[in-house]
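One structure below.
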Amino acid sequence: MTSDTTSPLEDAALVTALLDTLIPPSEDAKLPGAGTLGLGDGVAAAIASNPRIAPPVTAALEALLHQTPDFATADLDTRVEALKTIEAAHPALIPSLTTPLYFAYYQHPVVLVTLGLPGRPPYPGGYETDPTDPELLDLLRSRAKT
Amino acid sequence: MPNEPVGVLIIGAGASGAAFAWSIADTGLSVLCLEQGPWMRQSDYPSNHLDWESRNATEFSSSPNVRRMAADYPVNETDTPITPLMFNAVGGSTIAWAAHFPRLKPRDFRVRSDDGVAADWPIGYDTLEPYFALNDQVMGVSGLAGDPAYPYHEPPLPPLPFGAIGNKLATGFEKLGWHWWPSDTAIISQDYNDREACINLGPCTGGCAHGARASTDITYWPIAERKGVQLRTGCRVKEITLNADGLADGVLYYDEDGALQEQKAEIVVIAANGIGTPRLLLNSASERHPEGLANSSGLVGKNLMFHPVAMMGGTFDEPLEGHGPRGCSFWSHEFYDTDASRGFVRGYSLQMTRNGGPATQALAATARGKVPWGPDHHEAFAGTYNHTASMLALTEDLPEETNTVTLDPELTDSDGIPAPKVTYELSENTRRMLEHATERGQEVLRAAGATETYSVPLVPQAGWHLMGTARMGTDPKTSVVNEWGRAHDVKNLFIIDGSIFVTGGAVNPTSTIQALALHIADSIKRNIGSLFD
């Protein structure tokens with residue numbers, strides 16, 4: 001549990017458990033949990049630097065810790081139930097977390113490769129795309145104004 | 001040392017300023033453009049980075065209030081449901097656009113005559129046709145000739161590939177017998193003018209790292225500078241100054257060090273977009289023009305038009321990969337013209353889009369309640385990721401004098417220049433149009449095979465198109481500039497951007513903005529001998 005002077009966002013174990021609750025590992029274990037993937041620091045920093053969302057998120061996490069002091073070490077089912085309770089009382093919590101979290105998770109090369117994408121920036125490699133269906137183009141050409 | 005006076009001074013290096021500069025250089029006059037933003041570097045664009053999606057949403061956001069680049073000015077948007085969007089750099093908003101490039105249609109220029117609403121333009125499609133064609137050549141436009149919804153024209157390059165989403169959605173339009181046609185797009189489908197063909201980077205709106213998507217910093221500016229046009233960046237114009245005869249004689253501007261500078265000129269041309277232009281005119285109020293420069297009509301800053309946008313999407317059983325330009329693959333003008341049975345005048349276009357990246361798709365699906373957090377997250381995401389297709393409805397926004405750009409009494413930019421405030425309300429006509437579009441859009445998605453459909457009746461982050469705030473006309477009482485962009489009140493002052501639109505049609509305006517800029521440049525060339533008479 002964090003001390004009185006430390007923000008829960010600075011509690012690495014708590015943030016890791018929190019992110020692994022929001023995005024746990026996939027059942028086939030191909031996709032890692034978001035906390036285990038090491039996204040905690042970045043997500044916590046993104047929230048802490050946003051004066052609009054940092055206070056309500058901090059308040060909600062303090063409430064979570066007060067309710068479930070061992071959240072960081074609890075099993076997934078326990079964490080899910082604890083977070084659902086807090087979500088009901090602090091409806092801004094989850095949307096505040098998911099925006100930075102989803103950006104971080106779904107831009108991680110491990111996740112991109114698992115989704116079938118190259119684990120690199122779009123440029124310079126670019127991507128392939130399906131050509132236009134030639135039958136559709138023929139249809140259009142038959143209707144074209146001349 | 002004072003700045004050397006110039007013949008033509010252009011304010012703004014975006015879509016219109018660049019096209020105008022290139023053309024007016026033919027006069028042999030000295031031409032200078034002042035741009036508040038910097039030159040952008042393709043190596044800085046988001047698609048060079050793994051986290052391109054979050055960069056697109058933050059430092060390359062289309063909203064200056066989110067992006068907050070040093071060159072940006074804030075916009076008070078507390079009284080508008082649609083967020084005004086723009087980009088301040090060499091290239092202007094063509095740095096951060098999807099390059100969808102339809103032209104206004106002939107009937108768009110005569111809305112009063114045909115539909116009894118708004119006002120007619122003082123010029124028609126035929127006036128602009130040669131400039132549309134010229135501009136297509138310079139920008140590099142891909143498309144398919146022969147669209148029955150338009151007068152015949154030939155884009156210089158073949159259409160971009162539809163991708164799986166476009167191919168799928170086209171089947172829906174075919175089933176319903178609705179009009180559809182590949183988009184004219186300012187993205188090159190083949191190598192063209194020293195630029196390499198599109199490689200489907202996708203996030204066009206964050207800048208094109210490959211240079212396949214047109215922006216005027218890589219199309220018009222290199223050839224304008226070769227003609228001798230000077231471009232000075234980091235220059236934020238404070239006001240336009242007048243001489244004793246009431247002619248514009250230059251500007252006062254802050255340079256990139258924040259020092260106030262004076263620049264004299266024989267002709268002043270404003271190309272600062274539908275918000276920046278009225279802001280500058282209102283900030284140029286003087287004893288002679290107490291309500292703002294060129295504002296004897298009282299219409300500077302009034303009649304602001306956006307194109308209010310609805311989004312319709314559908315979920316499909318089969319995977320639909322979404323790589324490719326984010327903008328339109330094809331459009332439909334099935335509901336473009338007035339049909340009294342629909343309960344509104346004028347109409348809208350439908351534009352097929354491609355999917356964003358995984359993060360954007362995850363957030364969008366979460367907002368629709370389709371992807372929960374927790375143990376079910378992955379299975380739910382797999383059911384929606386690359387299994388959706390969407391389209392936008394771009395509605396015609398008729399001019400209303402109550403939709404305005406004014407000067408905010410408190411908000412300023414970093415140089416202390418009063419910032420603009422946008423006050424805007426959707427009309428009942430537009431509401432009905434948006435409602436109709438969301439229904440018809442979902443109908444065609446179902447026809448294409450969507451198992452589930454959804455809609456966003458008004459997309460808030462969609463104020464890309466800024467029009468109407470200094471409109472053109474032949475009567476100085478009801479317009480700000482004449483049929484070739486000259487201010488009625490100041491005969492050596494010209495406006496060449498979207499501000500001068502009389503009505504906006506239901507298509508993206510950049511092609512028409514640039515054609516207007518080229519038309520005005522040619523008009524000045526023709527009238528140069530009598531310009532000051």
Side-chain angles (χ1 to χ4, degrees), chain A residues 19 21-28 30-31 33-34 42 46 76-77 79-81 83-84 87 94-95 97-109 111-112 114-117 119-133 135-137 139-146, chain B residues 42 45-54 57 144-148 150-152 159-167 170-171 174 180-182 198-203 208-210 321-324 329 354 357-363 366-367 371 373-375 377-379 381-382 385-386:
Chain A
L19 300 195
T21 311
L22 294 167
I23 304 182
S26 60
E27 279 188 18
D28 60 8
K30 287 182 179 171
L31 284 162
L76 179 60
D77 289 345
R79 297 199 312 265
V80 166
E81 288 310 310
L83 200 50
K84 280 182 178 172
E87 182 184 20
I94 300 296
L97 293 168
T98 51
T99 298
L101 172 60
Y102 287 8
F103 273 126
Y105 189 79
Y106 285 107
Q107 295 180 131
H108 195 286
V111 175
L112 294 177
T114 309
L115 292 176
L117 293 165
R120 56 159 172 80
Y123 186 77
Y127 303 106
E128 294 295 321
T129 197
D130 287 1
T132 304
D133 181 342
E135 289 184 14
L136 289 170
L137 274 181
L139 263 177
L140 291 172
R141 290 194 174 105
S142 72
R143 297 170 191 158
K145 191 184 269 188
T146 55
Chain B
Q42 290 178 358
Y45 291 149
S47 54
N48 290 282
H49 305 276
L50 258 178
D51 61 347
W52 60 270
E53 291 189 86
S54 44
L144 182 67
D147 185 347
Y150 273 96
Y152 184 81
L160 294 162
F162 282 0
I165 292 174
N167 285 331
T171 64
E174 276 300 306
W180 67 281
W181 201 263
C198 177
I199 55 172
N200 305 306
L201 298 180
C208 182
H210 191 57
E321 60 82 18
H323 293 306
S329 57
R354 293 179 171 88
T360 309
Q361 290 193 50
L363 287 165
T366 299
V371 175
W373 62 270
H377 177 85
H378 291 295
E379 186 178 353
F381 182 65
Y385 174 62
N386 279 352

### Side chain to side chain, B:Pro182 and A:Thr132, heavy atoms closer than 4.5 Å
no
### Summary
So, the part of B:Ser54 with a heavy atom under 4.5 Å from chain A: the answer is both
### Query
Hey, does the side chain of B:Asn200 reach the backbone of A:Pro122 with a donor-acceptor pair shorter than 3.5 angstrom?
no
### Query
Hey, is the main chain of B:Asn167 close enough, under 3.5 Å, to the side chain of A:Asp133 for a donor-acceptor pair?
no
### Message
Report which part of B:Pro151 has an atom under 4.5 Å of a heavy atom belonging to chain A: side chain, backbone, both, or neither.
### Response
backbone
### Task
Measure B:Asp51 against the heavy atoms of chain A and call it side chain, backbone, both or neither at under 4.5 Å.
both
### Query
Relative to chain B, which segment of A:Arg143 carries a heavy atom at a distance below 4.5 Å: side chain, backbone, both, or neither?
both
### Query
What part of A:Glu27 lies closer than 4.5 angstrom to a heavy atom of chain B: side chain, backbone, both or neither?
neither
### Query
Who passes ring-ring contact (aromatic ring centres under 6.0 Å, His included) against B:Tyr152, sequence neighbours left out?
none
### Query
Is there side-chain contact between A:Leu31 and B:Phe381, with at least one heavy-atom pair below 4.5 Å?
no
### Task
Work out which heavy atom in A:Pro124 is nearest to a heavy atom in B:Ile199; give both atom names and the distance.
O-CD1, 3.4 Å
### Query
Quick one: ring-ring contact (aromatic ring centres under 6.0 Å, His included) partners of B:Tyr150, sequence neighbours excluded?
B:His153, B:Trp331, B:His333
#### Entry: Segment of A:Pro100 engaging chain B (4.5 angstrom heavy-atom cut-off)
neither
### Interface moiety of A:Leu140 toward chain B, non-hydrogen atoms closer than 4.5 Å
both
### Message
Less than 4.5 Å to any heavy atom of chain A: does that hold for the side chain of B:Ala57, its backbone, both, or neither?
### Response
side chain
### Query
Heavy-atom distance under 4.5 Å to chain A: side chain of B:Leu160, backbone, both or neither?
backbone
### Query
For the atom pair CZ (A:Phe103) and CG (B:Leu363), what is the distance rounded to the nearest 0.5 Å?
5.5 Å
### Summary
From the list B:Glu379, B:Gln361, B:His377, B:Gln42, the residue making the most non-hydrogen contacts under 4.5 Å with chain A is B:His377
### Message
If the test is side chain to side chain contact (heavy atoms under 4.5 Å, CB included), which one of A:Ile23, A:Leu83, A:Leu97, A:Leu101 qualifies with B:Trp373?
### Response
A:Leu83
### Task
Name the member of B:Pro159, B:Pro161, B:Ala382 that forms the most heavy-atom pairs with chain A at distances under 4.5 Å.
B:Pro161
### Task
Mind checking the CG-CG spacing from B:Asn386 to A:Leu115? Nearest 0.5 Å is all I need.
8.5 Å
### Query
Given that the side chain runs from C-beta out, which part of A:Thr146 has a heavy atom under 4.5 Å from chain B: side chain, backbone, both or neither?
backbone
### Query
Going through the distances and angles, do B:Tyr45 and A:Tyr123 end up as a ring pair (Phe, Tyr, Trp, His ring centres under 6.0 Å)?
CA-CA 10 Å; B:Tyr45 291 149; A:Tyr123 186 77; 9.8 Å; no
### Query
How many angstroms lie between atom CD1 of B:Ile165 and atom CG of A:Asp130, to the nearest 0.5 angstrom?
10.0 Å
### Task
Would you give the length of the straight line joining atom CD of B:Glu174 to atom CG of A:Leu136, rounded to the nearest 0.5 angstrom?
6.5 Å
### Task
Identify which part of B:Glu53 has an atom lying under 4.5 Å from any heavy atom of chain A, answering side chain, backbone, both or neither.
both
